[in-house]
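Data first, discussion second: the structure below is written as structure tokens.
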Amino acid sequence: MHRAVTDWFDDAARDLPWRDPSCSPWGVMVSEFMLQQTPVVRVLPVWRAWMQRWPRPADLAAESTGEAVRAWGRLGYPRRALRLHAAAVEITEHHGGRVPAAHELLLALPGVGAYTAAAIAVFAFGDRQTVVDTNIRRVHARVVTGRALPSRSLTAAELRLAEELMPADDALAVRWNQAVMELGALVCTARSPRCEQCPVRDACAWVAAGRPEPVEAPRGQAWHGTDRQVRGAIMAVLRAGSAPVPAPSLTGPVDVGTGAGLAPEALRALDALHGLGAPEEQRRRALDGLLRDGLAAAGPSGVSLPG
DNA sequence: GAGCCGTGGTG
DNA sequence: TCACCAAGGCT
């Protein structure tokens with residue numbers, strides 16, 4: 001399998017800037033933050049602009065968190081921007097401005113969990129670490145375990161399996177991790193896997209079993225009418241303009257009449273927020289959450305991005 | 001472990 | 001149309 005999958009990878013791998021040998025560990029780290037729950041195609045332009053503007057951790061650390069959140073744009077989960085900023089500050093203050101190479105030190109950074117720490121150690125520093133992301137879990141579930149999809153949460157058995165499957169050689173292990181992840185992203189996809197293109201289809205337990213259906217029905221992510229949706233709409237308003245937005249125009253009735261001084265984009269975003277028809281109480285709760293999380297800041301003239 | 005946290009593409 | 005899904009992390 002090592003040979004089949006890595007050979008396939010050599011031929012099919014996407015040409016991504018954070019995979020270029022010239023990419024700095026910081027570039028790899030930024031990509032890993034942005035790629036958390038976010039597809040590659042949406043990350044690419046934001047990553048390029050980000051690296052252009054803040055080529056080193058210290059460059060980002062010198063900025064306000066609000067600027068980080070604004071540059072994050074519409075990638076989603078804007079708290080990731082806060083965590084990336086906080087990690088940059090920590091790297092600047094405690095690691096001499098360089099992304100640490102040790103898995104343990106990486107894990108201690110804000111926003112860096114088991115996956116991201118392993119990914120940075122492997123892809124930026126060539127370590128032999130076990131990387132387990134959603135793609136790798138799915139490939140293992142199918143090829144080895146014969147199931148359509150992995151369970152909802154990562155199990156100790158999966159971790160053990162991933163360790164056992166990894167090549168002993170350091171350099172090969174790096175490519176293996178990269179290759180299995182890519183296989184899951186391009187061929188062994190969740191919805192409509194392209195088994196005819198798979199380099200290990202003849203060894204796949206799931207194919208051999210006749211591609212049985214998933215045992216667990218996926219749990220849908222509620223969206224319409226949730227606080228998340230309202231939070232997102234408020235964030236869109238704050239990102240759209242630099243001028244503070246009076247809190248009542250965010251949480252109050254539509255006809256509050258406080259549009260003066262706001263950029264046209266901000267007004268459009270404000271219309272979208274009101275268009276949701278969310279109750280005032282919910283909008284206030286959402287705004288409080290954003291303030292508490294540090295995604296928004298309250299000033300004398302209204303609410304804006306922090307900093 | 002479950003719930004929460006954004007956004008846009010897609011089958 | 002609409003639920004599912006995407007290189008997770010934190011509480």
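Order of the sequence lines fixes the chain letters, A, B, ..., with proteins taken first and strands second; residue numbering starts at 1 for each chain. Side chains included, hydrogens not; waters and symmetry mates left out as well; all remaining heavy atoms used.
A donor-acceptor contact under 3.5 Å is formed by the side chain of A:R191 with the base of C:dC4. For a distance-only test at 3.5 Å, the side chain of A:T38 fails to qualify as a donor-acceptor partner of the base of B:dG8.
Here B:dT7 is the nucleotide among B:dT7, B:dG11, B:dG6 with the atom lying nearest to any side-chain atom of A:R239. Among B:dG6, C:dG8, C:dC5, the nucleotide with an atom closest to any side-chain atom of A:D133 is C:dG8. Out of B:dG8, B:dG1, C:dC5, the shortest distance to the side chain of A:R74 is found at B:dG8. Of the candidates C:dG8, C:dA7, C:dC5, the closest approach to any side-chain atom of A:E32 belongs to C:dA7.
For the OP1/OP2 pair of B:dG1 and a distance below 4.0 Å, the side-chain nitrogens and oxygens of A:R152 include no atom meeting the criterion. Listed pair A:R138 / C:dA6 meets the phosphate criterion, a side-chain N or O lying under 4.0 Å from OP1 or OP2.
Contact annotation for A:L16: base contact, defined as any heavy-atom pair under 4.0 Å involving a base atom. When heavy atoms are screened at a 4.0 angstrom cut-off, A:P78 is found touching the sugar-phosphate backbone but no base atom.
With P as the reference atom, C:dC2 and B:dC5 are 23 Å apart, rounded to whole Å.
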### Message
Set out, in order, the CA-CA distance, both residues' side-chain angles and the distance that settles side-chain contact (heavy atoms from CB on, under 4.5 Å) for A:L105 and A:L109, then state yes or no.
### Response
CA-CA 7 Å; A:L105 295 178; A:L109 295 172; over 6 Å; no

